[in-house]
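Everything on this sheet refers to the single structure shown next.
Keep in mind it's a predicted model, so treat the numbers as computed, not measured. All chains are named by letter (A, B, ...) in the order of the sequence lines, taking the proteins before the strands, and each is independently numbered beginning at 1.
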Protein chains: 2
Amino acid sequence: MASLTVENYIKTIFQVCLSGDGQAATGQLASALGVSPGTVTSMLKTLSESNLVTYTPYEGVRLTHAGNALALRVVRRHRLTELFLVKTLNMTWDEVHEEAEHMEHAVSDRLIDRIDEFLGRPEADPHGDPIPRSDGSFEIPASRTLAECGVGDKFRLSRVIDQSPEFLRFLSNSGLPLGTAGQVVANRIEAGIVTVSVEGQETTLGRAAAEKILVTPGR
Amino acid sequence: MASLTVENYIKTIFQVCLSGDGQAATGQLASALGVSPGTVTSMLKTLSESNLVTYTPYEGVRLTHAGNALALRVVRRHRLTELFLVKTLNMTWDEVHEEAEHMEHAVSDRLIDRIDEFLGRPEADPHGDPIPRSDGSFEIPASRTLAECGVGDKFRLSRVIDQSPEFLRFLSNSGLPLGTAGQVVANRIEAGIVTVSVEGQETTLGRAAAEKILVTPGR
DNA sequence: CAGGTAAATTAGGCTGGACTACAATTCCCA
DNA sequence: TGGGAATTGTAGTCCAGCCTAATTTACCTG
Ligand SMILES: [Mn+2]
Ligand SMILES: [Mn+2]
Ligand SMILES: [Mn+2]
Ligand SMILES: [Mn+2]
């Protein structure tokens, strides 16, 4: 059984690898996990001996097949837990991450499978992040950022990259929850602004914000 | 913040004290927690220094006010979690204890309060154990064992002492879930047998089983 | 009331997971 | 292309929780 600490390392390596070049650097892990670089180095040796990662000093670390499977299980527990809390207790998408961060280590895979069934085998969590399936399969739906959209493009808000409670609340308060359908009415790179129309209501976002929002073609 | 280990010690001390003379002995804690007696002794010193218990070597340990408050919070989290799993996922009373045993350390008090509200501020968990309230109050409803009932007594099954999955499943399969109303039709001490009638159906239990079942006056 | 037994404590040791301080490596730019 | 800065790795230390073995205490019984 992997300890809570090991699960957190593996999940973090998974996420850093996904959002980069497929490798995780010691420093990235250290800051993501809130520990010192030396601590990461020694843990990487441990994980390597457990055959969860392949580690090349001064170069980086990547997950083995077993490590990837463990990461997917932890991510699955996290995301299904988040959705479960939203669906049953009406919690909001800015509240659930913190709770799931702890619960992901405490719920059994059996319980998670029941939650999965209860929720009707959902494909995405409250932030639009895809949910790994119990058989270990995992697909990332195609999408682009709102900033990449051209004027006139119709879209559906499918995923949020910046999951800080502040940004999520900003989106909710701006009438932009997950699933929102709308149309881009302006995208001025020089001005660093994207304006969208949602149900007749126009909202203007800064470019940085627009880059944190993923959309699929709408309507 | 109390660690998972500390929470487990405090909860166990609480339970051992309740089911005995108000004191917990080192050996009882060691076997309940599955650790060696020496380990318990050293932890008791730690807990004592944290002012969670008062510890008298060779005599026993009891909870301080702060220790009692912590124990009640852990028990509250455990029991509300159990009931939540039963109500939302239709889990059975023999399945939920194991899950709650882990989740009780992972769910925040804020989340538990929302679960409490969602469930309508229940007074008892799926096993009939009373749920401590968020203000720290805690009452144990009066009851007696089924074995203490006389012939003709009408009862309602209010709580189960032996919470092993096997016993709980036995009760379910015998048509004796929590809340069952019935009547004692025989109680032969010599034979070590108690017979009850539930909805016209008679069931005979051994004395040991009858002592593990608590009832309130029925009808 | 002495001695044996059961329970508890102490002593010493181990592992996982963290830190700091220092040394080595890599990278990047002048 | 050499040297300084940033990054990474190493060494040594600490603490929480656990263990076993040896010792001490308490209790009971003859
Ligand atoms: Mn999350
Ligand atoms: Mn999420
Ligand atoms: Mn339980
Ligand atoms: Mn219970």
Side-chain angles (χ1 to χ4, degrees), chain A residues 1-13 16-17 19-63 66-67 70-71 74 101-102 104-106, chain B residues 1-13 16-17 19-63 66-67 70-71 74 101-102 104-106:
Chain A
M1 271 284 86
S3 70
L4 180 150
T5 305
V6 166
E7 287 191 347
N8 278 330
Y9 271 87
I10 293 295
K11 190 182 72 162
T12 304
I13 294 169
V16 169
C17 285
S19 68
D21 59 346
Q23 288 220 135
T26 303
Q28 294 177 295
L29 298 175
S31 73
L33 289 161
V35 299
S36 72
T39 303
V40 171
T41 300
S42 70
M43 178 55 82
L44 292 184
K45 282 179 202 155
T46 305
L47 296 177
S48 186
E49 279 158 21
S50 315
N51 291 312
L52 290 170
V53 304
T54 56
Y55 169 52
T56 316
Y58 293 107
E59 190 175 308
V61 67
R62 52 184 74 220
L63 296 174
L70 175 56
V74 177
E101 204 57 46
H102 296 100
E104 67 188 6
H105 311 291
Chain B
M1 270 287 84
S3 69
L4 180 151
T5 305
V6 166
E7 287 191 348
N8 278 330
Y9 271 86
I10 293 297
K11 190 182 72 162
T12 304
I13 293 168
V16 169
C17 285
S19 68
D21 59 344
Q23 287 221 138
T26 301
Q28 293 177 296
L29 298 175
S31 72
L33 289 161
V35 298
S36 73
T39 303
V40 171
T41 300
S42 70
M43 177 56 82
L44 292 184
K45 280 179 203 158
T46 305
L47 296 177
S48 186
E49 280 158 21
S50 315
N51 291 311
L52 290 169
V53 305
T54 55
Y55 168 52
T56 316
Y58 294 105
E59 191 175 307
V61 66
R62 51 184 75 219
L63 295 174
L70 175 56
V74 177
E101 203 57 46
H102 295 100
E104 67 188 5
H105 311 291

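When all heavy atoms of A:A24 and A:L29 are compared, the closest pair comes out as CB-CD2, 4.0 Å. Between A:Q23 and A:R62, the shortest heavy-atom contact is CG-NH2, 2.8 Å.
Taking 4.5 Å as the limit, some side-chain heavy atom of B:Y9 sits within range of a side-chain heavy atom of B:L33. Counting heavy atoms from C-beta outward, A:T41 and A:Y55 have side chains that approach closer than 4.5 Å. Here the side chains of A:M43 and A:T5 are in contact, with some heavy-atom distance below 4.5 Å. Annotation: side chain of A:K11 is in contact with side chain of A:E101 (closest heavy-atom distance under 4.5 Å). Looking at A:V61 and A:T26, their side chains never come closer than 4.5 Å, going by heavy atoms from C-beta outward.
Here the C1' atom of nucleotide C:dA7 and the OH atom of B:Y55 are 11 Å apart, to the nearest Å. In this structure, A:L33 places its CG atom 14 Å from P of D:dT8, rounding to the nearest Å. Between B:Q23 atom CD and C:dA7 atom P the separation is 17 Å, expressed in whole Å. Straight-line distance from the CG atom of A:L29 to the C1' atom of D:dT7: 13 Å, rounded to whole Å. If you measure from atom CD of B:Q28 to atom C1' of C:dA8, you get 13 Å, rounded to the nearest angstrom.
When the side-chain nitrogen and oxygen atoms of B:K45 are compared with OP1 and OP2 of C:dT10, one or more of them lie within a distance under 4.0 Å.
Between A:L52 and the choices A:L44, A:L63, A:V6, the side chain to side chain contact (heavy atoms under 4.5 Å, CB included) rule is met once, by A:V6.
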Collect all protein-nucleotide pairs involving nucleotides 22-29 of chain D in which both atoms are nitrogen or oxygen and the distance is under 3.5 Å.
{"residue": "D:dT25", "atom": "O4'", "partner": "B:Y58", "partner atom": "OH", "Å": "3.4"}

Protein-nucleotides 11-18 of chain C N/O pairs closer than 3.5 Å?
{"residue": "C:dG17", "atom": "OP1", "partner": "A:S3", "partner atom": "OG", "Å": "2.6"}

